[in-house]
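Labels below follow one simple rule: chain letters A, B, ... track the order of the sequence lines, proteins then strands, and each chain is numbered from 1.
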Amino acid sequence: MSLVRQTTNGIYNLILGLAVTVKHLFKHAITLQYPKERWTMPERSRGTVVLLSDTETGKLNCTACLMCEKACPVAAITIEREKNPETKKFEPTSFTIDMGICCYCGLCEKACNFSAIKLTGKYEMSIYDKSELIYDMDFLQKLGRDVKYEKRKRVVKKTAVKKATAKPKTTEARAESGDKKAEGTSSTKDDGDVKEKPKNETEEGKE
Amino acid sequence: MDSEGLLKYITEEYKDKIIDSGIVGGVATIEVKPGDWESIAEYLKGDMETRFLSVSNYGAVDYREKLGGYQLVITLFSYEFNHKLTMKTLLPAEGEECPEIKTLSAVWPVADWFERETAELFGIVFVGHPDPRHLMLDEDWDGEYPMRRGWSGRDFITKPDK
Amino acid sequence: MTVKELKTEEFMVNMGPQHPSTHGVCKLVIKMDGEEIKEITPHVGFLHRSIEKIGENRTYAQFVPYTDRIDYVASMNANHAYVIAAEKLGGVEVPERAEYLRVIMAELNRIASHLVWLATFAIDLGAVTPFLYAFREREMILDLFEMTCGQRLTYNYMCIGGVNWDIPKEFEPKLREFLKIFPSRVDDYEDLLTNNPIFLYRTKNIGILSKETAFEYSVSGPSLRGSGVKWDIRKAESYSIYDRFDFDIPVGYNGDAWDRYRVRMREMRESAKIVQQAIDGLPGGDIQTKVPRTWKPPEGEVFTRIEAPRGEMAYHIVSDGSTKPYRMKIRTASFCNLQVLPIIGINHLIADLVAIFGSLDIILPEVDR
Amino acid sequence: MFELGGIFEAIGKWLNGFLPPVWVTIISAVITGLAVLGFLSLLALFLVWWERKISAHMQQRYGPMRTGWHGVLQTIADGVKLLQKEDLMPKDADRIVYFWAPIICFGAAFMAYLVVPFGKGIIVQDLNIGILYIIAITTFTVVSLLMAGWASNNKWALLGGMRSAAQIISYEVPLSLAIVGAVMLAQTLSMNGIVSAQAGGFWHWYVFREPLGFLVYYIAATAEANRTPFDIPEAEQELVAGFNIEYSGMKFAMFFLAEFVNMFTVSAIAVTLFFGGWQPLFSFLGFIPSWVWFMGKSLVSVFVLMWFRWTYPRIRVDQLMNFAWKFLLPLAFLNIILVGFGIVVFK
């Protein structure tokens with residue numbers, strides 16, 4: 001008797017499975033025909049890193065404070081800088097990112113106080129030669145030309161409650177750097193031995 | 001038993017074997033002599049009051065600069081009583097020396113792989129281990145121990161060529 | 001030639017590192033008698049990146065992206081395990097909203113991880129279609145993650161002191177839509193597999209993991225619960241804010257592959273329940289406690305563990321008071337769970353080994369770290 | 001109208017008009033051979049595409065979409081790719097056996113079509129032992145799979161070959177016994193004879209006379225054609241790809257096409273034996289050409305096989321054997337007894 005019940009049960013469940021697949025046969029496909037159709041990447045999408053420039057002057061926002069270089073866990077960012085004799089401010093002379101080792105974590109964007117570096121929704125950056133993955137400053141600036149962004153306001157005091165829609169990191173990063181300034185610049189020193197980089201000339205107080 | 005009660009019980013029960021004890025980060029912690037490592041583990045597993053049937057974590061810390069040796073750390077826990085215990089021991093060693101200690105894999109079979117990993121990465125010899133092959137590293141690894149402090153076999157950060 | 005003269009011989013087979021059913025680069029050296037398995041020797045380490053050593057060379061904040069890579073199928077849970085440990089080490093308080101967001105993300109990722117497991121488990125048994133169905137639902141979860149943190153696989157969502165991004169406006173309606181359709185989708189999978197006689201034949205009484213063996217090998221997570229042990233760190237130690245939610249711990253009875261399958265299927269529904277409660281009770285407020293950029297936790301050590309989708313994930317961090325950990329030991333579930341494979345996989349056919357391996361839900365980067 | 005059978009007869013008559021009979025025989029043999037080969041190649045190409053589309057839509061995907069309308073030319077593109085591939089042979093392979101295995105596999109699949117009645121009068125040779133011939137010739141497949149598994153000198157391939165030998169030989173027994181039921185009812189071994197015995201509406205089809213026989217036949221045929229849930233000789237997840245693991249290029253393509261041709265073969269036999277062959281559903285639907293009926297029914301049967309494949313998990317090798325010997329074989333015997341009773345009682 002149990003054999004009969006088992007068999008009928010089994011056949012019922014086999015048919016149940018067939019019903020599920022045939023039900024899906026008449027549903028619309030959910031996949032995308034990739035090169036013809038493309039996803040719209042969400043606003044926060046973390047793809048290729050770009051350097052942002054000022055919308056009015058067209059100059060890079062980067063002030064070569066080396067914060068992103070220090071924040072990078074894989075040391076993909078290399079910055080060389082020079083002091084502009086006129087303005088007495090640092091300017092980057094070379095800014096390279098090795099996208100081959102970049103892990104797209106977004107810590108550089110979080111570390112930046114000047115809206116100079118951003119991870120964008122661009123993702124089709126495949127090339128044949130690995131060395132072409134090392135992006136230089138001009139190329140990064142070119143990539144960042146059409147990227148919309150909000151320039152961070154110079155708010156020193158943090159706001160208490162954030163709206164869900166606002167980009168919370170903006171104010172936080174600001175507030176964080178505010179905290180840090182209060183602490184003094186000595187706290188940046190320990191980052192130094194991650195990479196052999198000049199560590200004492202971080203121009204935090206410049207802003 | 002909560003951490004304090006457990007610690008109290010264990011320190012009273014194994015008074016003569018425990019060097020140091022305390023609560024570190026909410027977990028009852030005891031330190032024993034390397035010679036007692038295996039015997040106290042067996043006791044703790046068999047003790048009906050503790051019933052440490054399982055190993056949560058088992059590894060080593062290179063304390064050669066600070067304490068002059070490697071510290072073995074094993075965190076035990078008991079499904080039955082839901083309590084944890086960290087047991088430590090310091091293996092004195094200097095330089096490139098490989099200290100020796102008795103294996104725990106007879107007590108908890110899971111310690112097998114933990115010890116194989118610790119052995120190859122720290123250079124601690126587990127005496128009596130049933131299968132002392134390399135686990136993570138190549139079979140023909142050159143004999144350096146990568147998890148030791150100051151190991152500089154390879155640079156961890158590669159810079160792009162300029 | 002008489003029958004007596006015919007000799008049979010055991011032979012060795014390398015299953016992996018390139019084999020479709022080892023779920024990554026794991027090599028099993030199998031001694032076989034015909035199709036019957038006599039001995040299994042796992043060889044791991046192909047993916048060894050020495051993440052523990054990397055941890056000693058990175059600041060606490062810089063290490064978060066690396067935790068994504070430990071268990072890339074459940075990165076949120078891996079993030080969670082690490083930030084909890086670091087916060088406990090430094091005594092950082094986390095805002096309530098951040099805790100809720102963490103729980104939502106961790107539970108969603110648990111569902112996603114179990115869906116990947118279901119997909120690969122079904123495909124191991126030869127059923128290809130559930131694979132695509134499971135990935136369809138996983139895509140919905142990944143879309144939610146992507147709109148929140150911008151990535152689909154390695155999220156780097158949690159940071160020490162909270163979470164990096166607040167959820168966007170369109171997150172909540174999408175999540176509720178997902179929670180609404182998800183149970184019916186799980187029903188679909190169950191129709192395809194659970195009581196299918198072929199599936200039952202392939203998984204019932206296969207790879208029985210007894211309670212005792214599970215204890216000895218510190219098996220954790222759904223594989224342990226499949227053996228009938230009601231043990232879940234979310235309940236037993238109640239890290240984060242899990243004590244506020246109402247959910248069950250599904251357990252099996254025999255510890256065979258089918259029980260482990262059932263436990264995971266039911267766990268997906270329980271996780272959906274937790275997410276529902278969390279999104280309903282999501283408070284407003286801050287999402288991050290300010291942690292200085294070069295954060296130095298006090299000297300000391302900490303041991304914390306969480307219930308990751310594959311089981312217990314624990315961090316043992318030793319701090320010497322500098323910006324970088326002095327030592328970081330990561331205990332992952334797969335590392336211990338894989339060790340029972342030579343015990344429970346023996347005397348089965350090679351087709352069963354594939355089923356057992358699938359039912360244990362091993363992920364190799366977690367074993368090798 | 002549109003009956004193809006007439007065309008072949010007309011060609012024969014026309015040739016007979018001016019050629020000696022020997023030449024007619026040779027030419028017609030060549031023509032039929034080429035026709036069957038061409039038909040099967042097209043059929044296999046179509047079936048491969050069809051399976052891809054069915055599986056894709058069952059999984060809410062599109063499947064091939066680029067080559068031609070909805071990717072109809074995809075299989076041809078794949079075939080061209082396979083042709084261009086290097087023909088690899090493992091160093092320690094048994095060269096002769098390795099070379100011949102795919103040819104025998106494809107040849108056996110091809111030969112079965114000699115006696116399949118595609119429509120009224122469309123049959124290459126109506127042998128009076130047609131069904132016996134098919135059973136005999138399809139068994140060659142197992143030889144080729146075993147050859148492939150052995151010659152590859154690969155442990156996985158050997159396991160696959162052994163599995164296939166065990167499986168196909170086991171399932172041959174219930175399969176043949178299920179066919180016996182239909183033969184008893186039709187009182188003939190000729191394929192055309194079996195079809196004509198089921199004339200006059202669908203209630204005369206043998207599937208309603210002996211449903212048990214049909215069930216046993218269909219399950220055994222699924223195994224015979226190496227389809228999921230009985231595709232254990234290939235079993236990509238366990239044996240990587242089983243017997244054809246070392247094959248590449250055109251040799252692999254031959255195995256691949258043979259699998260699809262075999263799938264159509266078992267469907268065609270199922271249609272012939274149990275669904276009235278090229279007979280229409282109702283006799284008033286007779287204006288639709290008979291070959292359309294035959295192809296339609298066969299493709300439905302093929303669809304069901306594909307449907308199985310994309311729904312079920314794979315059964316284990318020992319369970320497969322148990323199922324054949326302990327379940328299907330008694331059922332097949334029961335079917336013969338029931339059919340015998342039926343013939344005696346209702347005659």
Side-chain angles (χ1 to χ4, degrees), chain C residues 9-16 18-23 30-32 34-37 119-137 139 185 188 191-194 196-206 261 348-358, chain D residues 51-52 54-63 149 153-167 219 222-223 226-242 245 306-324 326-327:
Chain C
E9 217 172 88
E10 288 177 342
F11 64 105
M12 309 288 275
V13 159
N14 276 326
M15 190 168 163
Q18 282 140 23
H19 187 280
S21 294
T22 51
H23 300 265
I30 308 170
K31 191 192 262 179
M32 294 210 296
E35 287 222 6
E36 204 173 307
I37 291 160
T120 48
F121 184 49
I123 221 166
D124 282 347
L125 297 174
V128 185
T129 304
F131 177 86
L132 276 295
Y133 293 170
F135 266 64
R136 179 187 61 194
E137 270 69 73
E139 279 302 294
R185 296 286 168 86
D188 267 4
D191 282 352
L192 272 174
L193 292 176
T194 308
N196 185 314
I198 301 172
F199 184 76
L200 287 178
Y201 274 129
R202 286 298 304 276
T203 51
K204 276 258 181 188
N205 295 323
I206 299 298
Y261 160 84
H348 282 89
L349 300 184
I350 189 154
D352 292 332
L353 179 66
V354 170
I356 296 166
F357 199 98
Chain D
E51 167 135 48
R52 284 175 154 190
I54 283 178
S55 67
H57 284 280
M58 277 181 176
Q59 296 163 352
Q60 291 198 288
R61 304 183 280 123
Y62 287 105
N153 199 9
N154 179 319
K155 285 168 187 166
W156 299 109
L158 182 61
L159 279 174
M162 288 300 175
R163 278 180 172 198
S164 102
Q167 172 190 342
I219 294 172
T222 315
N226 277 343
R227 302 287 299 175
T228 314
F230 305 107
D231 66 337
I232 58 155
E234 269 185 56
E236 326 72 81
Q237 282 80 31
E238 299 144 24
L239 302 188
V240 197
I245 188 168
M306 290 176 178
W307 192 7
F308 284 166
R309 170 159 182 191
W310 298 107
T311 306
Y312 294 138
R314 179 183 305 113
I315 205 159
R316 209 173 61 207
V317 59
D318 58 328
Q319 291 162 351
L320 182 100
M321 292 302 188
N322 281 344
F323 188 67
K326 293 185 184 163
F327 191 75

Give, for atom [atom1] of [X] and atom [atom2] of [Y], the distance between the pair rounded to the nearest 0.5 Å.
X	Y	atom1	atom2	answer
D:Thr311	C:Asp191	OG1	CG	12.0 Å
C:Tyr133	D:Gln60	OH	CD	6.5 Å
C:Arg202	D:Arg314	CZ	CZ	7.0 Å

Within-4.5 Å side-chain heavy-atom neighbours: [X] and [Y]:
X	Y	value
C:Val128	D:Tyr312	no
C:Leu132	D:Arg61	yes
C:His19	D:Trp156	yes

(request) Go through the structure and list residues passing salt bridge (charged side-chain N to carboxylate O under 4.0 Å, His left out) with C:Glu10, not counting sequence neighbours. (result) none
(message) Going by salt bridge (charged side-chain N to carboxylate O under 4.0 Å, His left out), name the residues that satisfy it together with C:Asp352, two or more places apart in sequence or in a different chain.
(response) D:Arg316
(request) Could you look at D:Gln319 and say if it's the side chain, the backbone, both or neither that has a heavy atom under 4.5 Å from chain C? (result) side chain
Which bit of [X] comes within less than 4.5 Å of chain D, counting heavy atoms only: side chain, backbone, both or neither?
X	answer
C:Met32	side chain
C:Ile123	both
C:Leu125	both
C:Ala122	neither
C:Leu200	neither
C:Phe11	side chain

(message) I'd like to know if the side chain of C:Thr129 reaches the main chain of D:Trp310, judged simply by a donor and an acceptor atom lying under 3.5 Å from each other, with no hydrogens or angles considered.
(response) yes
(request) Determine whether more than 12 heavy atoms belonging to other residues, nucleotides or ligands lie under 6.0 Å from atom OH of C:Tyr201. (result)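 Atom OH in C:Tyr201 is not crowded, with 12 or fewer foreign heavy atoms closer than 6.0 Å.
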(message) Can you tell me which of D:Arg163, D:Met58, D:Gln59 forms the most heavy-atom pairs within a distance under 4.5 Å of chain C?
(response) D:Gln59
